[in-house]
Engineer: 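One structure coming up, written as structure tokens, with questions to follow.
Bear in mind the structure is a predicted one, so any value in this text is a computation, not a measurement.
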Amino acid sequence: MLYPLPAVMVSCMRPGEKPNIITVAWAGTICSDPAMVSISIRKSRYSHAIICETGEFVINLVTKDLTFKADLCGVKSGKDIDKFAECSLTPIDSKTVKAPGIAESPVCIECKVKQVLELGSHDMFIAEVVNVSVDEKYMDEKGKFCLNETDLTAYSHGEYFTLGNKIGKFGYSVKKS
């Protein structure tokens with residue numbers, strides 16, 4: 001019951017086939033050095049087999065403008081439809097993995113699977129981050145990425161939300177006046 005969670009679109013692709021997208025809310029950072037993430041996917045999902053076979057995927061962050069498309073990618077199966085075409089999303093070549101990123105996403109995180117943990121209804125894919133691409137429109141004049149200006153979407157108990165107002169920053173509780 002740890003909510004809210006980021007809503008992300010995970011893209012994957014078998015060689016010679018069309019790319020696919022699955023929406024995942026069970027995703028997170030698990031290590032900073034090396035940079036590692038985890039995603040959990042139900043074993044019956046079409047993307048589960050693709051990621052097991054290829055050992056790679058791309059996490060694409062979801063903005064308010066992408067939320068409707070992310071929801072569709074979470075309720076429809078890539079066995080039945082081409083989600084990139086259905087959602088008018090643009091696959092973009094990744095730098096280090098064969099799975100494409102999503103051009104409309106502000107951040108594309110390329111990942112290589114290091115371990116799969118079988119947990120019951122879902123398997124957890126533990127992956128190393130091998131490249132991160134960001135949309136240049138969110139870079140400021142000093143070269144800082146302004147992630148909080150992307151209008152990211154969170155998922156909580158079956159509903160989507162945009163992030164709220166800033167209430168502090170790391171270390172503000174101990175900052176000297």
Side-chain angles (χ1 to χ4, degrees), residues 1-13 19-32 35-42 45 47 51 56-78 81-97 99-111 122 125 127 129-173 175:
M1 302 316 301
L2 296 175
Y3 287 99
L5 301 163
V8 299
M9 290 188 287
V10 175
S11 47
C12 55
M13 184 175 73
N20 190 50
I21 304 166
I22 183 172
T23 301
V24 173
W26 294 350
T29 302
I30 58 171
C31 188
S32 57
M36 296 185 78
V37 294
S38 70
I39 60 171
S40 293
I41 301 175
R42 190 175 293 275
R45 300 291 186 231
S47 296
I51 294 170
E56 58 185 39
F57 57 88
V58 179
I59 296 174
N60 304 275
L61 298 189
V62 174
T63 62
K64 180 180 178 183
D65 291 342
L66 289 172
T67 303
F68 184 87
K69 295 174 183 191
D71 184 69
L72 186 136
C73 289
V75 298
K76 297 279 188 171
S77 175
I81 65 166
D82 178 339
K83 294 181 187 180
F84 275 95
E86 184 81 16
C87 293
S88 300
L89 293 170
T90 310
I92 54 170
D93 289 338
S94 295
K95 292 189 168 101
T96 59
V97 299
I102 299 172
E104 293 78 8
S105 176
V107 180
C108 300
I109 304 167
E110 298 174 29
C111 304
H122 290 65
F125 294 87
V129 173
V130 292
N131 190 61
V132 177
S133 300
V134 300
D135 187 330
E136 291 294 322
K137 76 179 178 184
Y138 296 109
M139 301 298 288
D140 71 11
E141 62 282 346
K142 295 179 183 176
K144 178 185 174 194
F145 180 57
C146 302
L147 179 64
N148 294 332
E149 294 177 17
T150 63
D151 216 3
L152 293 175
T153 298
Y155 178 82
S156 182
H157 292 274
E159 298 178 312
Y160 302 101
F161 298 89
T162 55
L163 298 181
N165 297 323
K166 177 180 169 184
I167 58 172
K169 67 179 191 176
F170 182 76
Y172 84 106
S173 64
K175 184 178 177 187

Engineer: Under the ring pair (Phe, Tyr, Trp, His ring centres under 6.0 Å) rule, collect the residues that match up with Tyr138, sequence neighbours excluded.
Structural biologist: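 Checked Tyr138 against ring pair (Phe, Tyr, Trp, His ring centres under 6.0 Å); zero matches.
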
Engineer: Looking at side-chain heavy atoms only, is the closest gap between Ser156 and Phe161 below 4.5 Å?
Structural biologist: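 A side-chain contact exists here, since the closest heavy-atom pair is under 4.5 Å.
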
Engineer: Of the non-hydrogen atoms in Arg42 and His122, which two are nearest, and what is the gap between them?
Structural biologist: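 Between these two residues, the closest heavy atoms are N-CD2, 3.2 Å.
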
Engineer: Which pairs with one or both residues in residues 19-32 pass side chain to side chain donor-acceptor pair (under 3.5 Å), sequence neighbours excluded?
Structural biologist: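 Every pair satisfying side chain to side chain donor-acceptor pair (under 3.5 Å) with a residue in residues 19-32: Asn20-Ser47.
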
Engineer: Return a table of donor-acceptor pairs under 3.5 angstrom between the side chains of residues 141-151 and protein atoms on other chains or two or more places apart.
Structural biologist:
residue	atom	partner	partner atom	Å
Thr150	OG1	Leu147	O	2.7

Engineer: What residues form a side-chain hydrogen bond (donor to acceptor under 3.5 Å, both in side chains) with Glu104, not counting sequence neighbours?
Structural biologist: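 Glu104: side-chain hydrogen bond (donor to acceptor under 3.5 Å, both in side chains) contacts with Thr90.
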
Engineer: Roughly how far, to the nearest 0.5 Å, is the CD1 atom of Ile41 from the SG atom of Cys12?
Structural biologist: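 The CD1 atom of Ile41 is 7.0 Å from SG of Cys12, to the nearest 0.5 Å.
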
Engineer: Verify side chain to side chain contact (heavy atoms under 4.5 Å, CB included) between Ile39 and Ile22, making sure each step is shown before the conclusion.
Structural biologist: CA-CA 11 Å; Ile39 60 171; Ile22 183 172; over 6 Å; no

Engineer: Passes side chain to side chain contact (heavy atoms under 4.5 Å, CB included), Asp135 versus Val107? Steps please.
Structural biologist: CA-CA 6 Å; Asp135 187 330; Val107 180; over 6 Å; no

Engineer: Could you note down all residue pairs passing side chain to side chain donor-acceptor pair (under 3.5 Å) where residues 58-69 supplies at least one of them, sequence neighbours left out?
Structural biologist: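 Pairs touching residues 58-69 that pass the test: Ser11-Asn60, Thr67-Thr153.
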
Engineer: Is Tyr3 atom OH crowded by more than 12 heavy atoms from other residues, nucleotides or ligands, each under 6.0 Å away?
Structural biologist: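 Enclosed.
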
Engineer: Could you tell me which residues satisfy side chain to side chain contact (heavy atoms under 4.5 Å, CB included) with Ile81, sequence neighbours excluded, listed by chain and number?
Structural biologist: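 With neighbours one apart ignored, the set is Leu72, Lys76, Lys83, Glu86.
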
Engineer: Only counting residues at least two apart or in another chain, list the ones meeting side-chain hydrogen bond (donor to acceptor under 3.5 Å, both in side chains) with Thr96.
Structural biologist: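 side-chain hydrogen bond (donor to acceptor under 3.5 Å, both in side chains) check on Thr96 returns Glu110.
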
Engineer: Over 60° means perpendicular and under 30° means parallel, so classify the ring planes of Phe57 and Phe125, tilted if in between.
Structural biologist: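 Perpendicular, since the angle between the ring planes exceeds 60°.
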
Engineer: Is any side-chain heavy atom of Cys111 closer than 4.5 Å to a side-chain heavy atom of Ile59?
Structural biologist: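 Yes, their side chains come closer than 4.5 Å.
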
Engineer: Could you state the interatomic distance from CG (Leu66) to OG (Ser105), rounded to the nearest 0.5 Å?
Structural biologist: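 That separation rounds to 6.5 Å.
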
Engineer: Suppose we screen for side chain to side chain contact (heavy atoms under 4.5 Å, CB included). Which residues come up paired with Ile30, at least two apart in sequence or across chains?
Structural biologist: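 Expected list: Met36, Ser38, Ile126.
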
Engineer: Less than 4.5 Å apart, any side-chain heavy atom of Ile21 and any of Val10?
Structural biologist: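 Side-chain contact under 4.5 Å: no.
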
Engineer: Mind checking what makes ring pair (Phe, Tyr, Trp, His ring centres under 6.0 Å) contact with Tyr160, not counting sequence neighbours?
Structural biologist: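 If we apply the ring pair (Phe, Tyr, Trp, His ring centres under 6.0 Å) test to Tyr160, skipping adjacent residues, the hits are Tyr155.
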
Engineer: Which heavy atom in Cys108 sits nearest to a heavy atom in Val58, and how many Å separate them?
Structural biologist: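 Between these two residues, the closest heavy atoms are CB-CG1, 3.9 Å.
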
Engineer: Evaluate the side chain to side chain contact (heavy atoms under 4.5 Å, CB included) criterion for residues Met9 and Leu89: first the C-alpha distance (whole Å), next the side-chain angles of each, then the deciding distance (0.1 Å), finally the verdict.
Structural biologist: CA-CA 11 Å; Met9 290 188 287; Leu89 293 170; 4.3 Å; yes

Engineer: Applying side chain to side chain contact (heavy atoms under 4.5 Å, CB included), name anything that partners Ala35, two or more places apart in sequence or on another chain.
Structural biologist: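 Val129.
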
Engineer: With a cut-off of 6.0 Å (strictly less than), are more than 12 heavy atoms of other residues, nucleotides or ligands near CG of Asp93?
Structural biologist: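 Incorrect, the count does not exceed 12.
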
Engineer: Indicate the atoms forming the closest heavy-atom contact of Phe84 with Pro100, along with that distance.
Structural biologist: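 Scanning both residues completely, I find the closest heavy atoms to be CZ-CG, 4.2 Å.
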
